[in-house]
2 protein chains.
Amino acid sequence: MEMTELRDELTETIKAHYDKRELKEIKTVFSELNPADIAEILEEFPDNQKLLFFRLLTKEDAADTFVELDPDTQEALIHGITDTELREVLDELYIDDAVDIIEEMPATLVKRILKNTDSETRKSINALLKYPDDSAGSLMTPEFVDLKKGMTVEDAFKRIRRTGVDKETIYTCYITDDSRHLIGVTTVKELLLHDYEDTIDEFMETNIIYVNTLDDQEIAAQQLSKYDFLALPVVDMEERLVGIITVDDAIDVIQEENTEDIQKMNAMLPTEKTYLKTSVFETWKSRFPWLLLLMVSATFTGSIITGFESKLAALTILTAFIPMLMDTGGNSGGQASVTIIRAMSLGEIAFRDYFRVVWKELRVGFVCGLSLAAVNFVKIWLVDRTLFKNDEITLIIDVAICLTLIVEIVFAKFIGCSLPILAKKIGFDPAVMSSPFITTIVDAVSLLVFFGISTAIIPQLH
Amino acid sequence: MEMTELRDELTETIKAHYDKRELKEIKTVFSELNPADIAEILEEFPDNQKLLFFRLLTKEDAADTFVELDPDTQEALIHGITDTELREVLDELYIDDAVDIIEEMPATLVKRILKNTDSETRKSINALLKYPDDSAGSLMTPEFVDLKKGMTVEDAFKRIRRTGVDKETIYTCYITDDSRHLIGVTTVKELLLHDYEDTIDEFMETNIIYVNTLDDQEIAAQQLSKYDFLALPVVDMEERLVGIITVDDAIDVIQEENTEDIQKMNAMLPTEKTYLKTSVFETWKSRFPWLLLLMVSATFTGSIITGFESKLAALTILTAFIPMLMDTGGNSGGQASVTIIRAMSLGEIAFRDYFRVVWKELRVGFVCGLSLAAVNFVKIWLVDRTLFKNDEITLIIDVAICLTLIVEIVFAKFIGCSLPILAKKIGFDPAVMSSPFITTIVDAVSLLVFFGISTAIIPQLH
């Protein structure tokens, strides 16, 4: 909360300065802030003031701030600034950031942006734009430090000093041969801890972990996180080094993928923008399809009740327990499916673990079912029957309800853990096999179990 | 999937070598792997073989692998190795990793571990152990590069070369005054891009972003991610620099917090271990409390049905629509709450946005309600009444159901977005105000709305 408060305070300060036209003071405030904070503050102002304030920034801050702004603001600023100003910003950008920005812009602006980059940058940008969305290629930057075999530590430092200023990271260096194949990796830390005369071949790491341009960006992020790297090399189909993915981009991917999983787990289609920037219509588009599908499937549950209507009419008290049975089944299944989906996206379990998972969930389901049934049995007897003097409730009805609980929870856990694993096996996204979907199945089955057990053991229903 | 397959293959290779007692070959296989992979493979073997293989590793690999192992395995290995071996491993560990390991060990082992560290390390470990769980202090490491005001670039490099080998990161360097107050930050990149004679005061960053030892680790991780840092300084109550948090630890925190949020959102208490390592009893403990609470609250929904029983008996067809109405309300509310919880944990919205959020959700709810009601109206008329010739369904019943849908969805969206924001405002964890909890409220309200509207407009119920 502190961060938000600080931002609000700074926004107020700048508003006050602006009202008194104290641009110099505004400049001073910005000069003491990190570009990520400047961007947040700029977003609070109308477009014309954004442009005015943006022009107060130093060249370097301007570019770093620009990267952090929302696409709408970026678009507005590009419309407002001159070609010279645009070129200055673009010169300072890393190529992967430039690509991210371009991907969100309308075609006319893309043209103007590309026109204002030098031909080499333009070539790199165009190459990156060709990779599929969400691929390692679309996430990487071609700006890395490349060293050659046989270089000494001194040579290496010279090269880093000469070329490093434009590189997104200089701390991991890549050693390539003449055909640009990756033959080794080293770090500035290693270089610093060796003597100037040592050649890098002596200590470079040759067991190299890398991804392919067409690999999913999620795999790249997982690798970076697993191996605690600061950057991960990306190679093309011919195994030539074409770029690197840096850890800050990996964090963004992890957060995006988590958001996407959470949305899918809760019956929504993923949206890309932040909540407040997503329009009502876009929000509707992400929520309506699943609501519709689940609504239609819930009507099947309804028809199960209809099919049993005559018996329910004979013993209406049973209806009172339907919501509890349906909810508990749904919640139990949801717990299992969400746990499994999460464990799969963290790489903790795979298809080969299926039987271990099922065996565990069956036991957990049995214990959960048994304990809930016990509580419920006592509660129905003491509260519903004795306290509320509901004589319609007999011992056998109590037993039927509690038996249903046990059976449905075991079933819910089984379905809940199975569907995500099987979905992944046949190439679907496991996150979709989550609570709402499983709830619908478990609802129907719970009712069938309830009516089956009731019909079998309650004398009034014979 | 590729990664898992590779691991399985390597495990098989090592098993084959082990059966033929080819320890040298096993050593070669390990020497070509990253410690994170070695750890995964070791976990596949029984404890005695783990120990045997662990002893084949180089001193450095042994320590790096040890960090990556599960606490159970770490415990087993510590039991198996000699004090000398233990000391070798401990010498190589970063202090924050040592602390993480110690936190999971039983008291007797902690004693043995501390006995085998030098007195300075022991002091640092004991200091870190005192910070509360999940605080920045418990996550940080005291091993950072500290520079002094007035040093030249050359001095700085000398110091890094001399002390860097034991530091978790050398790339961000901290400039402190004599009382250990942080006065500046610089990076190895900056150092490399300046001349040897420049003093670091000229270019060090003096607007420093830092956290306090008692801040939540989540805040530290968010800051690292927001500012794209490789490390974040941590200061104590007297604003003295006491440690740093590195980006790899921040990623782990982000993943842990995401898992925790997902668990809470789906009616589970957070568990710390990975899925397969969590026992049946522990899993039960994390799932039972919420199931119980939700089961009990669902009985209230049941009693609403009971209260309406006589009227339902007069028009039993209404019962068939109860599951659909309850599910759709629950799903709608769940969508809203999950979206808001996620946006809050990403820092996109705060309490001050409450009215904007409500206004948006009310509109989304209305559009969702209207569109679902339209589909439902036609479906009930064409399928339920015309196709299945269910004459009990009249136009007014159809209208009652569709009106209920609109009202309940708008209500569900309102409750779904409000509860998490209000929960956070009064200091509760918003993630708990999620689907299952909201479903229970929305269920009850949906039924009341349904029965209310039905009673008001359906003539048979008058």
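Everything numeric here is computed off the predicted structure, so don't read it as measured data. All chains are named by letter (A, B, ...) in the order of the sequence lines, taking the proteins before the strands, and each is independently numbered beginning at 1.
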Colleague: For chain A, find which of B:E361, B:R162, B:E205, B:Q263 contributes the most heavy-atom pairs closer than 4.5 angstrom.
Modeller: B:E361
Colleague: A:L405 versus chain B, heavy atoms under 4.5 Å apart: side chain, backbone, both or neither?
Modeller: side chain
Colleague: Looking at A:L276, A:D384, A:T299, which one has more heavy-atom pairs under 4.5 Å with chain B than the rest?
Modeller: A:L276
Colleague: Select, from B:I305, B:D248, B:V367, B:L192, the one with the greatest count of heavy-atom pairs under 4.5 Å involving chain A.
Modeller: B:L192
Colleague: Can you say whether B:R352 sits under 4.5 Å from chain A via the side chain, the backbone, both, or neither, judging by heavy atoms?
Modeller: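 For B:R352, side-chain heavy atoms alone lie under 4.5 Å from chain A.
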Colleague: Who among A:L193, A:V165, A:L291 has the most heavy-atom pairs with chain B under 4.5 Å?
Modeller: A:L291
Colleague: Measure distances from B:E190 to the heavy atoms of chain A and classify the residue's part below 4.5 Å as side chain, backbone, both or neither.
Modeller: neither
Colleague: Between B:K158 and chain A, with a heavy-atom cut-off of 4.5 Å, which part of the residue counts as in contact: side chain, backbone, both or neither?
Modeller: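 When you check distances to chain A, no heavy atom of B:K158 falls under 4.5 Å.
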Colleague: So which part of B:K379 gets closer than 4.5 Å to some heavy atom of chain A, the side chain, the backbone, both or neither?
Modeller: side chain
Colleague: For the interface with chain B, which of A:D327, A:L33, A:T306 has the highest count of heavy-atom pairs at distances below 4.5 Å?
Modeller: A:D327
Colleague: What part of A:I380 lies closer than 4.5 angstrom to a heavy atom of chain B: side chain, backbone, both or neither?
Modeller: neither
Colleague: Taking the side chain as everything from C-beta on, heavy atoms only, tell me whether B:L447 gets closer than 4.5 Å to B:F308.
Modeller: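 Sidechains of B:F308 and B:L447: no contact.
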Colleague: Counting only non-hydrogen atoms closer than 4.5 Å, does A:D443 touch chain B with its backbone (N, CA, C, O), its side chain (CB onward), both, or neither?
Modeller: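 Just its side chain gets close to chain B.
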Colleague: At a heavy-atom distance under 4.5 Å, which candidate from B:T301, B:I340, B:T274, B:T206 has the highest pair count against chain A?
Modeller: B:T274
Colleague: Specify which of B:M295, B:K189, B:R287 makes the most heavy-atom pairs with chain A at under 4.5 Å.
Modeller: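 The option with the most such pairs is B:R287.
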Colleague: Please state whether the side chain, the backbone, both or neither of B:L372 comes within less than 4.5 Å of a heavy atom of chain A.
Modeller: both
Colleague: With heavy-atom distances below 4.5 Å as the criterion, would you say the side chains of A:F229 and B:N34 are in contact?
Modeller: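 Answer yes - side chains close enough.
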Colleague: Where does B:L346 contact chain A at under 4.5 Å (heavy atoms): side chain, backbone, both or neither?
Modeller: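 Contact with chain A involves the side chain of B:L346 alone.
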Colleague: When heavy-atom pairs shorter than 4.5 Å are enumerated against chain A, which of B:H194, B:E32, B:R363 gives the highest number?
Modeller: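 Option with the top pair count is B:E32.
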Colleague: Are there more than 12 heavy atoms of other residues, nucleotides or ligands under 6.0 Å from atom NZ of B:K277?
Modeller: yes
Colleague: Under the rule for side chain to side chain contact (heavy atoms under 4.5 Å, CB included), what residues qualify as partners of A:T278, not counting sequence neighbours?
Modeller: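 Testing A:T278 for side chain to side chain contact (heavy atoms under 4.5 Å, CB included), a comparison that skips the adjacent residues, returns A:T271, A:K273, A:E282, A:T283, B:K360.
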Colleague: Answer whether the closest heavy-atom distance between the side chains of A:M344 and A:I349 falls below 4.5 Å.
Modeller: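 Result yes, sub-4.5 Å side-chain heavy-atom pair found.
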Colleague: Please classify the contact of A:V357 with chain B as side chain, backbone, both or neither, using a heavy-atom distance under 4.5 Å.
Modeller: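 Its backbone and side chain both get close to chain B.
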Colleague: What part of B:L293 gets closer than 4.5 Å to chain A, counting heavy atoms only: side chain, backbone, both or neither?
Modeller: neither
Colleague: Name the region of A:L224, side chain, backbone, both or neither, that has any atom closer than 4.5 Å to a heavy atom of chain B.
Modeller: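 Neither part, no heavy atoms under 4.5 Å.
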Colleague: Which atoms form the tightest heavy-atom contact between B:S31 and A:N207, and what is the distance?
Modeller: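 Minimum heavy-atom separation between B:S31 and A:N207: O-ND2, 3.9 Å.
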Colleague: Tell me which of these, B:T328, B:D353, B:I317, B:N331, has more heavy-atom pairs under 4.5 Å with chain A than the rest.
Modeller: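 So the answer, after comparing B:T328, B:D353, B:I317, B:N331, is B:N331.
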Colleague: Side-chain donor-acceptor pair under 3.5 Å between B:T246 and B:E168, yes or no?
Modeller: yes
Colleague: So for A:I409, is it side chain, backbone, both, or neither that comes closer than 4.5 Å to the heavy atoms of chain B?
Modeller: neither
Colleague: Are any non-hydrogen side-chain atoms of A:W290 and A:N266 less than 4.5 angstrom apart?
Modeller: no
Colleague: Where on A:T187 is there a heavy atom nearer than 4.5 Å to chain B: the side chain, the backbone, both, or neither?
Modeller: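 Its backbone and side chain both get close to chain B.
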Colleague: Hey, what do you get for CD (A:E260) to OG (A:S345), rounding to the nearest 0.5 Å?
Modeller: 11.0 Å
Colleague: Which bit of B:F300 comes within less than 4.5 Å of chain A, counting heavy atoms only: side chain, backbone, both or neither?
Modeller: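 Looking at B:F300, nothing touches chain A.
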Colleague: Contact part of A:I251 toward chain B, heavy-atom cut-off under 4.5 Å: side chain, backbone, both or neither?
Modeller: side chain
Colleague: Need one label for B:F157: side chain, backbone, both or neither, based on atoms under 4.5 Å from any heavy atom in chain A.
Modeller: side chain
Colleague: Considering non-hydrogen atoms only, spot the tightest contact between B:A221 and B:A250 and give its length.
Modeller: CB-O, 3.8 Å
Colleague: Testing B:L370, B:L362, B:V364 for side chain to side chain contact (heavy atoms under 4.5 Å, CB included) with B:F366, which one passes?
Modeller: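 Answer to the side chain to side chain contact (heavy atoms under 4.5 Å, CB included) test with B:F366 among B:L370, B:L362, B:V364: B:L370.
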Colleague: Counting only heavy atoms closer than 4.5 Å, note whether A:I170 contacts chain B via side chain, backbone, both or neither.
Modeller: side chain
Colleague: Quick one, B:R342 with B:D261, criterion salt bridge (Lys or Arg N to Asp or Glu O under 4.0 Å). Give me CA distance, side-chain angles, the key distance, then yes/no.
Modeller: CA-CA 9 Å; B:R342 182 66 183 159; B:D261 270 5; 5.2 Å; no
Colleague: Measure distances from A:A336 to the heavy atoms of chain B and classify the residue's part below 4.5 Å as side chain, backbone, both or neither.
Modeller: both
Colleague: Would you indicate whether the side-chain heavy atoms of A:E40 and B:K226 approach each other to under 4.5 Å?
Modeller: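 In short, these two side chains touch, coming nearer than 4.5 Å.
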Colleague: Identify which part of A:A267 has an atom lying under 4.5 Å from any heavy atom of chain B, answering side chain, backbone, both or neither.
Modeller: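 It is both, since atoms from each part get that close.
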Colleague: What is the ring orientation for A:Y171 with B:Y171, classed by angle as parallel under 30°, tilted 30 to 60°, or perpendicular over 60°?
Modeller: parallel
Colleague: Counting heavy-atom pairs under 4.5 Å to chain B, which of A:C368, A:A343, A:G164 comes out on top?
Modeller: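 Heavy-atom pairs under 4.5 Å are most numerous for A:C368.
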Colleague: So, for A:E68 and A:A39, which heavy atoms are closest and what is the spacing to 0.1 Å?
Modeller: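 Closest approach of A:E68 to A:A39, heavy atoms only: CB-CB, 3.5 Å.
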Colleague: Ignoring hydrogens, what is the shortest heavy-atom contact between A:S446 and A:G329? Give both atom names and the distance.
Modeller: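 Smallest heavy-atom distance, with atoms named: OG-CA, 4.5 Å.
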Colleague: Between A:R356 and chain B, with a heavy-atom cut-off of 4.5 Å, which part of the residue counts as in contact: side chain, backbone, both or neither?
Modeller: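 Looking at A:R356, just its side chain touches chain B.
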Colleague: Are B:N258 and A:Q255 side-chain neighbours, meaning at least one heavy-atom pair lies under 4.5 Å?
Modeller: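 Counting from C-beta outward, B:N258 and A:Q255 do come under 4.5 Å.
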Colleague: Sort A:M326 into side chain, backbone, both or neither according to what part of it lies under 4.5 angstrom from a heavy atom of chain B.
Modeller: side chain
Colleague: Contact between A:T319 and B:I322 at the side-chain level, heavy atoms closer than 4.5 Å - yes or no?
Modeller: no
Colleague: For A:I254, is it the side chain, the backbone, both, or neither that has a heavy atom closer than 4.5 Å to a heavy atom of chain B?
Modeller: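 Only the side chain of A:I254 comes within 4.5 Å of chain B.
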Colleague: Ignoring hydrogens, what is the shortest heavy-atom contact between A:S297 and A:T440? Give both atom names and the distance.
Modeller: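 The pair with the smallest heavy-atom distance is CB-CG2, 3.4 Å.
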